[in-house]
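Read the structure below first, then the notes.
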2 protein chains.
Amino acid sequence: MPAQRPRQRPPRPRPRATYHHGDLRRALIDAAAAIIGEVGAEAFTLREASRRIGVNHRAAYRHFADKASLLAAVAEQGFRELIEAARREIAGTGAADPEARLLAAARAYVQFAARHPAHFRVMFGPRLNEGGNVAAVDALVAEAYRLLEAEVRAGMDRGSFAPDAGPHPMVAVWAAMHGLASLVLMKRVDVPEGRVGAWVDRIMGRVVRGLR
Amino acid sequence: MPAQRPRQRPPRPRPRATYHHGDLRRALIDAAAAIIGEVGAEAFTLREASRRIGVNHRAAYRHFADKASLLAAVAEQGFRELIEAARREIAGTGAADPEARLLAAARAYVQFAARHPAHFRVMFGPRLNEGGNVAAVDALVAEAYRLLEAEVRAGMDRGSFAPDAGPHPMVAVWAAMHGLASLVLMKRVDVPEGRVGAWVDRIMGRVVRGLR
DNA sequence: ACCTGAACACCGTTCAAGT
DNA sequence: ACCTGAACACCGTTCAAGT
């Protein structure tokens, strides 16, 4: 699969300022995220990331145990951005209505997937899920979960949603939101770039209605 | 990532019967599916598949253009099994009620993901989706789509679901089902092996109710 | 037709130094 | 502390044959 790179190698990887106190770590994460965005996670290479930054490919091992750990750090960063975007979108509604707030969170979630498909795939890829996970990622997933759950609970407390002590209503919302994000990212449903938000509102609106 | 395989190589890859008229093709697909099930798609290797069958690693190129094509064939096979399972489960209900039939299809979908997580991931992975797809896979996805869509339409015709000419109701169902399958496969919701069907009924029940 | 073997240009990771 | 360089055991894929 790894198509041979062009024969002509750049004359010299211009030596950058030396990295210290964690700069290299940051630089590696950023480079990895950029490469993944360009070629996908399967084609991502530790050596290419190092090359881009201008350090020896072994330098990464000072900051990450292995390739998987660097990818985990990229996923972590993605979860932080996703959570932040969801909070921002929720706050942007200025509404106290849990239905409106859930839709806002869903818009952020789906938009993130649509705009950063490869990043989203790393975040929900096999290495970081399916058990034997990375604690830092698990913590962020839990945080995102609670963000939504608070709205679902609020809806029940206000009497907008049918009361239910179990996780089913929350899982229904999360599943629909995650599935919609996946379908959009896979271009299995195709919705024009600017209309993602409107689609989310329509489709998630139906799901949220099922909680009443 | 590719952990060095154990130093000790099996004494001799026992020479099997020679493969002709497409036997090797089948054997490769089966071996690939088996390996993926054991170690995941990222760790899957063309050379290992050939090794297992007992042929030179170059033999695969007689039947597949490259590694991606073999994986596409594995995905195709998976879609065929998934569709068959859904039909079987739908028929098993013996019901004409579209809600019950949709839940049956969803059970098959989620069960498949829970039982064959790596296979499911290949089927919905970047190479076969996100545009520039494989025609054979697209055709099977379309077939699966129509399977569900027929039930959604039937529900509208009977007056169980609110009429809607657009794709939104169908997308809502598909998204929820796909998302639930993903969450279960990722063990992000954990439901005991034997209780997957019951969970699907509860959660998808809420979503389907949103179509009324 | 179908399979093999050697070679090439990559990888991730380990070991042993360099400053 | 932080980075480098050479080496190892893999890959996918191409070229050129073998039967």
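Throughout, protein chains are lettered first and strands after them, A, B, ... in sequence-line order, and every chain is numbered starting at 1. Since this is a predicted model, take the numbers as computed values, not measurements.
For B/Arg206 and B/Asp201, the salt-bridge test fails: no basic side-chain N is under 4.0 Å from an acidic carboxylate O. In summary, B/Glu89 and B/Arg101 do not engage in a salt bridge, as defined by a charged side-chain N under 4.0 Å from a carboxylate O. The residues B/Arg80 and B/Glu84 are annotated as not salt-bridged, no charged nitrogen and carboxylate oxygen being separated by less than 4.0 angstrom. Salt bridge annotation for A/Asp30-A/Arg25: absent, with no cationic side-chain nitrogen under 4.0 angstrom from a carboxylate oxygen.
For B/His57 and D/dT14, the NE2 to P distance is 12 Å, given to the nearest whole Å. Between the CG atom of B/Leu71 and the P atom of D/dC11 there is a distance of 15 Å, rounded to whole Å. Distance B/Glu48 CD to C/dC11 P: 23 Å, rounded to the nearest Å. For the pair B/Arg25 CZ and C/dC3 C1', the computed distance is 18 Å after rounding to whole Å. The distance from atom CZ of B/Phe44 to atom C1' of D/dC10 is 15 Å, rounded to the nearest whole Å. As rounded to whole Å, 15 Å separates atom P of D/dC3 from atom CG of A/Leu46. Here D/dC3 presents its P atom at 12 Å from CZ of A/Phe64, a figure rounded to the nearest Å. The separation between A/Ile35 atom CD1 and C/dG12 atom P is 10 Å, rounded to whole Å.
For B/Lys67, taking side-chain heavy atoms from C-beta onward, the closest of the listed nucleotides C/dC3, D/dC3, D/dG12 is D/dG12. Minimum atom distance to the side chain of B/Tyr61 is reached by D/dT14, of the listed D/dT4, C/dT4, D/dT14. When distances are taken from the side chain of A/Arg51 to each of C/dC11, D/dG12, C/dC3, the shortest belongs to C/dC11.
Under the rule for a ring-ring contact (aromatic ring centres under 6.0 Å, His included), the partners of B/Phe120 that lie at least two apart in sequence or sit in another chain are B/Tyr109, B/Phe124, B/His178. Partners of A/Tyr61 under the ring-ring contact (aromatic ring centres under 6.0 Å, His included) rule, at least two apart in sequence or in another chain, do not exist in this structure. Contacts of B/His57 classified as ring-ring contact (aromatic ring centres under 6.0 Å, His included), with partners at least two apart in sequence or in another chain: none. Remark: B/Glu130 engages A/Arg121 in a salt bridge (charged side-chain N to carboxylate O under 4.0 Å, His left out) (not counting sequence neighbours).
Here, D/dA16 and C/dC2 have their P atoms 22 Å apart, quoted to the whole Å.
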Between protein and nucleotides 15-19 of chain D, what N or O pairs are separated by less than 3.5 Å?
residue	atom	partner	partner atom	Å
D/dC15	N4	B/Arg58	NH1	2.7

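Using a 4.0 Å cut-off, some side-chain N or O of A/Thr45 falls inside it from OP1 or OP2 of C/dG12.
Paired regions of DNA chain D, where each region holds three or more successive Watson-Crick or G-U pairs whose two hydrogen-bonding distances fall under 3.5 Å, are C:4-8 with D:12-16, C:12-16 with D:4-8.
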In sequence, state the C-alpha distance, the side-chain angles, and the governing distance for B/Arg87 and B/Glu81, and then conclude on salt bridge (charged side-chain N to carboxylate O under 4.0 Å, His left out). CA-CA 10 Å; B/Arg87 282 199 215 283; B/Glu81 284 164 26; over 6 Å; no
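Mapping A/Arg47 and A/Asn56 onto DNA chain D via the closest heavy atom, the residue that lands nearer the 5' end is A/Asn56.
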